[in-house]
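Keep in mind that the numbers below use all heavy atoms, side chains included, and drop hydrogens, waters and symmetry copies. A note on names: the letters A, B, ... follow the listed sequences, proteins ahead of strands, and every chain is numbered from 1.
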Number of protein chains: 2
Amino acid sequence: MTLGHPRFPDAASEPCLAVRDVLDRVGDTWSVSVVGRLGCGPMRFNELKRSIDGISQRMLTLTLRGLERDGLVSRTVHPTIPPRVEYALTLLGRTLLEPVTALSQWAALNRATIQEARRRYDARPPPEPLAVVEDKAE
Amino acid sequence: MTLGHPRFPDAASEPCLAVRDVLDRVGDTWSVSVVGRLGCGPMRFNELKRSIDGISQRMLTLTLRGLERDGLVSRTVHPTIPPRVEYALTLLGRTLLEPVTALSQWAALNRATIQEARRRYDARPPPEPLAVVEDKAE
DNA sequence: CTGTATCCCCACGGATACTG
DNA sequence: CAGTATCCGTGGGGATACAG
């Protein structure tokens, strides 16, 4: 039953489905950034907004709501004037930080390689004009 | 310089940006599934298509092209009739399998918890009708 | 300060048909 | 078998304005 190529454990048979779950949550444009920032400690709304480059108010709210909904982030309102709302990772949210960090390290490590591969790929001549399509002078 | 709450290493200052890179590649609907399947060994196009539930021909092609472009997947054409094309993870692609698996394990482990959190969140009464809006009988 | 509500664009991805 | 081409719907996300 030995095969000619290395086999990983079924590291990806049903786990695949599980990954999609996480990615559906964390794969969007902003969740990781938010979780990342909160990984450094609780933060207020505008503090987050300022520290995450390019995020809109709307998206920050939506992202935070999503994370809160899934129990990854807690939201604490201090009923003062002006209002003060603090967001923080929950215990669950912090455990997520680990695999995400692993991913980020992989990314940091291989970013250059990937960009190079991409560059090469893009620089390839298109396969061929296929059949010469009789470009008859109209 | 001690603060009142646990601090993670800057696990997310610039790494954040790196993560986005990976997620832009792997965060889409199908990449992880494809990489996952290929983690079990090389496969042909339709073999992949059949083994990944719900993927369309178009998306399989696009996903494979993307992964190939980034040097994560190799594409080998056997010029026979009918054509035979084999896809496989490159070395780089295999290293990606690791952090992805970590993520999938996290997902598998916490899926139930998250769904429960989600259920509770959704079952919450809407904050309030705000101010009673004088629903005067028109 | 911390949001919600609207409008609007466009990229992702499905369905289908055609080709080497 | 292994794609490419086309059409099209949906929703993610930006910009802006308004509200408690």
Side-chain angles (χ1 to χ4, degrees), chain A residues 20 23-34 37-38 42-69 73-88 121 124 126-134, chain B residues 20 23-34 37-38 42-69 73-88 121 124 126-134:
Chain A
R20 277 252 47 78
L23 289 180
D24 284 343
R25 161 80 285 127
V26 134
D28 63 70
T29 314
W30 301 109
S31 287
V32 164
S33 304
V34 171
R37 292 312 291 139
L38 291 180
M43 287 180 102
R44 302 179 51 176
F45 187 87
N46 273 354
E47 205 175 349
L48 273 170
K49 180 155 169 17
R50 276 188 301 268
S51 77
I52 299 175
D53 189 67
I55 196 170
S56 66
Q57 203 162 33
R58 175 186 138 89
M59 285 321 294
L60 181 52
T61 303
L62 289 181
T63 303
L64 285 169
R65 289 295 171 278
L67 294 170
E68 189 195 355
R69 182 167 108 104
V73 159
S74 67
R75 176 171 182 272
T76 317
V77 182
H78 301 85
T80 60
I81 293 183
R84 176 193 182 82
V85 182
E86 283 221 334
Y87 292 93
Y121 185 96
R124 293 188 337 190
E128 228 147 294
L130 290 177
V132 182
V133 197
E134 280 314 338
Chain B
R20 276 254 46 78
L23 290 180
D24 284 343
R25 160 79 287 127
V26 134
D28 63 70
T29 314
W30 300 110
S31 288
V32 164
S33 303
V34 171
R37 292 312 291 136
L38 291 180
M43 287 181 102
R44 303 179 51 178
F45 186 86
N46 274 354
E47 204 175 347
L48 273 170
K49 179 157 170 19
R50 277 188 301 268
S51 78
I52 299 175
D53 190 67
I55 196 171
S56 66
Q57 204 162 30
R58 176 186 137 88
M59 284 322 293
L60 181 52
T61 302
L62 289 181
T63 303
L64 286 169
R65 290 295 172 277
L67 294 170
E68 189 196 354
R69 182 166 108 105
V73 159
S74 67
R75 176 170 180 272
T76 317
V77 183
H78 300 85
T80 61
I81 294 183
R84 175 191 183 82
V85 182
E86 284 219 334
Y87 292 93
Y121 186 96
R124 293 190 332 192
E128 227 149 292
L130 292 177
V132 183
V133 196
E134 276 319 334

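- A straight line from CG of B:Asp24 to P of D:dG13 spans 11 Å, rounded to a whole angstrom.
- The CG atom of A:Leu23 sits 16 Å away from the P atom of C:dC12 (whole-angstrom rounding).
- With sequence neighbours excluded, the residues forming a side-chain contact (heavy atoms from CB on, under 4.5 Å) with B:Arg58 are B:Ser56, B:Leu62, listed by chain and number.
- Partners of A:Arg25 according to the side-chain contact (heavy atoms from CB on, under 4.5 Å) rule, which considers only residues two or more places apart in sequence or in another chain, are A:Asp28, A:Ser31, A:Leu67, A:Asp70, A:Leu72.
- Contact record, A:Leu64 with A:Phe45: CD1-CD1, 4.0 Å, taken as the closest heavy-atom pair.
- The side-chain contact (heavy atoms from CB on, under 4.5 Å) test applied to A:Arg84 returns A:Arg44, A:His78, A:Thr80, A:Glu86, not counting sequence neighbours.
- When all heavy atoms are compared, the tightest approach of A:Leu23 to B:Val26 is CD1-O, 3.7 Å.
- The phosphate of D:dG3 has OP1 or OP2 within less than 4.0 Å of a side-chain N or O from B:Arg75.
- Atom CG in B:Leu60 sits roughly 11 Å away from atom P in C:dG14 (whole-Å rounding).
- Listed by residue number, A:Arg44, A:Phe45, A:Asn46 are the residues of residues 43-53 of chain A with a heavy-atom contact under 4.0 Å to DNA chain C.
- Qualifying side chain to side chain donor-acceptor pair (under 3.5 Å) partners for B:Arg50, counting only residues two or more places apart in sequence or in other chains: none.
- A search for side-chain contact (heavy atoms from CB on, under 4.5 Å) contacts involving B:Thr29 returns nothing, not counting sequence neighbours.
- Between A:Leu38 and A:Val73 there is a side-chain heavy-atom pair separated by less than 4.5 Å.
- Taking the side chain to side chain donor-acceptor pair (under 3.5 Å) definition, one finds that B:Thr61 meets it with nothing, sequence neighbours left out.
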request  = Sugar-phosphate atoms are those with a prime plus P, OP1 and OP2; base atoms are the rest. Using that split, label each nucleotide of nucleotides 14-19 of chain D B, S or - for protein heavy atoms under 4.0 Å, 5' to 3'.
outcome  = BB----

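- For A:His78 and C:dT2, the NE2 to C1' distance is 14 Å, given to the nearest whole Å.
- Atom OH of A:Tyr87 sits about 10.5 Å away from atom OG1 of A:Thr63, to the nearest 0.5 Å.
- Of all the residues in residues 80-88 of chain A, A:Pro83 reach under 4.0 Å from DNA chain D with at least one non-hydrogen atom.
- What you find for B:Ile55 and B:Lys49 is that their closest heavy atoms are O-NZ, 3.5 Å.
- Heavy-atom minimum distance, A:Arg37 versus A:Ser51: NE-OG, 3.3 Å.
- As a whole-Å value, the separation of A:Asp28 CG from C:dC12 C1' is 15 Å.
- In this view, B:Asn46 satisfies the side chain to side chain donor-acceptor pair (under 3.5 Å) rule with no residue, not counting sequence neighbours.
- Bending across the helix from C:dC1-D:dG20 to C:dG20-D:dC1, expressed as the angle between its end axes from five pairs apiece, amounts to 40° (10° rounding).
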